[in-house]
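Reading through the structure tokens given below for one structure.
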Amino acid sequence: MHLLPCVKKYDEKQSHSKQIDREIKQWIKSYNDAIKLLLLGTGESGKTTIIKQMKILHIQGFTPSERLEKIRHIRNNIHEAIYEIVRNMSPLSVALQNPKNVQSQQFILQLGEEYPEEYNEAYFDHVRALWRDRGVRECFRRANEYQLIDSAEYFLDRIDLVAKTDYMPTDADILRCRQKTTGIQKIEFKVKVPKSMHGGVQEFWMFDVGGQRGERKKWIQVFEGIHAIWFLVACSDFEQTLREDNSQNRLKESLDLFEDVWQSRFLLEAGVIVFLNKQDLLESKISQGKSIAPYFPQYSTFNDSGDEYTRTKLFIRKLFVDLTKNRVKRNVRECQAERFVVSEAVRARECYFHFTTATDTDNVRTVFRDVHQMILTHMLTSIGVY
Ligand SMILES: Nc1nc2c(ncn2[C@@H]2O[C@H](COP(=O)(O)OP(=O)(O)OP(=O)(O)O)[C@@H](O)[C@H]2O)c(=O)[nH]1
Ligand SMILES: [Mg+2]
């Protein structure tokens, strides 16, 4: 009489332990699966720069042939920069300081926005002369009134190096080189898991997309199975307009886009980490006396201590934090069940923020370590190890 219940209990125990074994296998499997990260953000926010940093930090950097390939792009960046500055002198009523440079100005204007077939010494002499001209510098200082790549100053200051026939781009040069992304790119890499976090190796897949408006319709193709979104914000863009729509402020576009991403029902399962990027450029603009107040009047009532740069970066962070607290905008066509899922999931979500300079490898290394640790803790907590 006593035996039967015991046997039953034993069976129950056995099947329960088999079930646990199965669950553990499943946990280990999902733990070993690649973590899929998706980089999102507006155009020029720094997504591809983060991909390049992952290559430097986790995939043995750039090969000599990849470096050689970048020479042409870097020289094209120089041409795009000097052409845009010189072309905008007349609309902004800025004159050359040295009339002798008119010849160089005409030379660049005649070439137009098409990249020259050959970058020879005569070409670089014209660019050098122009970049020394105080009128050209004045027009460069007003670059927020037209479209200029962020690395203009970096490459124009290094023109002597870039002009050399044996020029070989450094990592820093490659990180500064600007090439717009079209379509979707993916990189894969493995990272050692610290012993304190149970050791082993974690595989990552990182997806990069184009951030300009015309590119965003492609994003949905990679939403499936994404563990975390890294949303890049170009904080220094507060006084610039979009390349694709010069009536829209770049930081406002980033806020609108972030709200769409945060509220997207396709991304509710993904963790969201916001990279408040281009801190170096933000600090430099603020130190030149520029202010975010004319573009975001709420700044004047933002009460936080610290210097002007610190207040500005904290204010920008608050703009994004506030969006994570908004109620979900519901689509009236969504069915009741979906609405329930949306609001339940949103309540449980957290958004993490980091101040970054994507061109600074040490900064990205530290941020990546923090983010990796956070993801691992999250995964280990979810499987009940912590
Ligand atoms: N100084 C500085 N430059 C940066 C930083 N992040 C990115 N850049 C530069 O900004 C430019 C644009 O960066 P990308 O990484 O190409 O931007 P993206 O988000 O991939 O742009 P799309 O491909 O158009 O979506 C590049 O020239 C980068 O070198 C930063 O933190 N500081
Ligand atoms: Mg890109």
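Just follow the structure's listing: the first ligand is 1, and inside any ligand the first atom is 1. Being a predicted model, the structure only gives us computed values, none of them experimental.
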Do the two ring centres, one from His58 and one from Phe368, sit under 6.0 Å apart? yes
| query | Hey, are Lys278 and Glu283 close enough for a salt bridge, meaning a charged N less than 4.0 Å from a carboxylate O? | reply | no
Query - Lys/Arg N to Asp/Glu carboxylate O, Asp171 vs Lys52, below 4.0 Å - result: no
Of all heavy-atom pairs linking Arg142 and Leu92, the shortest is NH1-O, 3.4 Å
Ion pair present between Glu253 and Arg216, side-chain N to carboxylate O less than 4.0 angstrom? yes
Examine distances only and state if a side-chain atom of Thr366 and a backbone atom of Asp362 form a donor-acceptor pair shorter than 3.5 Å. yes
| Is the charged tip of Lys318 near the ring of Phe302: under 6.0 Å from the six-membered ring centre and within 45° of its axis? | no
Atom 27 (O) of ligand 1: closest protein heavy atom, distance to 0.1 Å, is Arg176 O, 2.9 Å
Near Gly43 (heavy-atom distance under 4.0 Å), the atoms of ligand 1 are 21 (O), 24 (O), 25 (O)
Worksheet item: So, is the end of the Arg311 side chain (NZ or CZ) under 6.0 Å from the ring centre of Tyr299 and within 45° of the ring's axis?
Response: yes
| query | Should Gly41 be listed as contacting ligand 1, given a heavy-atom distance under 4.0 Å as the test? | reply | no
* Asked: Is the His79 ring parallel, tilted or perpendicular to the Tyr123 ring (thresholds 30°, 60°)?
  -> tilted
of all protein heavy atoms, closest to atom 19 (O) of ligand 1 is Lys47 NZ, 2.8 Å
Exercise for review: Using distance alone, decide if ligand 1 has a nitrogen or oxygen within less than 3.5 Å of any nitrogen or oxygen in Lys180.
Suggested key: no
Please report whether ligand 1 has a polar contact with Gly210, defined as an N or O pair separated by less than 3.5 Å (distance criterion only).
no
For Asn277, the atoms of ligand 1 under 4.0 Å from one of its heavy atoms are 5 (C), 6 (N), 31 (O)
Closest to atom 10 (O) of ligand 1 among protein heavy atoms sits Lys278 NZ, 3.5 Å
Short version for Asp280: what comes under 4.0 Å of ligand 1, heavy atoms counted, is side chain
Are any N, O or S atoms from Gln179 nearer to the Mg ion (ligand 2) than 2.8 Å? no
In terms of its nearest heavy atom to atom 23 (O) of ligand 1, the top option of Thr181, Val364, Asp360 is Thr181
Looking only at protein heavy atoms, what sits closest to atom 4 (C) of ligand 1 is Thr359 CG2, 3.6 Å
So the atoms of ligand 1 within less than 4.0 Å of a heavy atom of Ala358 turn out to be 6 (N), 30 (C), 31 (O)
Ligand 1 to Leu175, heavy atom cutoff 4.0 Å, flagged ligand atoms 28 (C), 29 (O)
Atom 15 (O) of ligand 1 has as its nearest protein heavy atom Thr49 OG1, 2.5 Å
Review point. Has Lys186 got its NZ or CZ under 6.0 Å from the middle of the six-membered ring of Trp205, at an angle within 45 degrees of the ring axis?
Key: yes
message: Using a 6.0 Å distance limit plus a 45 degree cone around the ring axis, check whether Arg317 lies over the aromatic ring of Phe320.
response: no
*Would you say Thr48 reaches the Mg ion (ligand 2) with an N/O/S atom under 2.8 Å?*
yes
- Can an N or O of Leu281 be found at a distance shorter than 3.5 Å from an N or O of ligand 1? no
- Judging by distance only, is a nitrogen or oxygen of Ser151 under 3.5 angstrom from one on ligand 1? yes
Q) Judging by distance only, is a nitrogen or oxygen of Thr357 under 3.5 angstrom from one on ligand 1? A) no
message = Under a 3.5 Å distance rule, please check whether Asn101 uses its side chain to pair with a backbone N or O of Leu130 as donor and acceptor.
response = no
Atom 17 (O) of ligand 1: closest protein heavy atom, distance to 0.1 Å, is Gly46 N, 3.2 Å
| request: Ignoring angles and geometry beyond distance, decide whether Gln279 reaches within less than 3.5 Å of ligand 1 through its nitrogen or oxygen atoms. | output: no
Residue, atom and distance of the protein heavy atom nearest atom 21 (O) of ligand 1 read Glu44 N, 2.9 Å
Has the side chain of Ser264 got a donor or acceptor atom that lies under 3.5 Å from a matching backbone atom of Val261? no
* Asked: Between Phe140 and Trp131, is the ring centre distance below 6.0 Å?
  -> yes
N or O pair under 3.5 Å between Arg178 and ligand 1:
yes
- Query: Should Gly211 be counted as touching ligand 1, given the test is an N or O pair under 3.5 Å?
  - Reply: yes
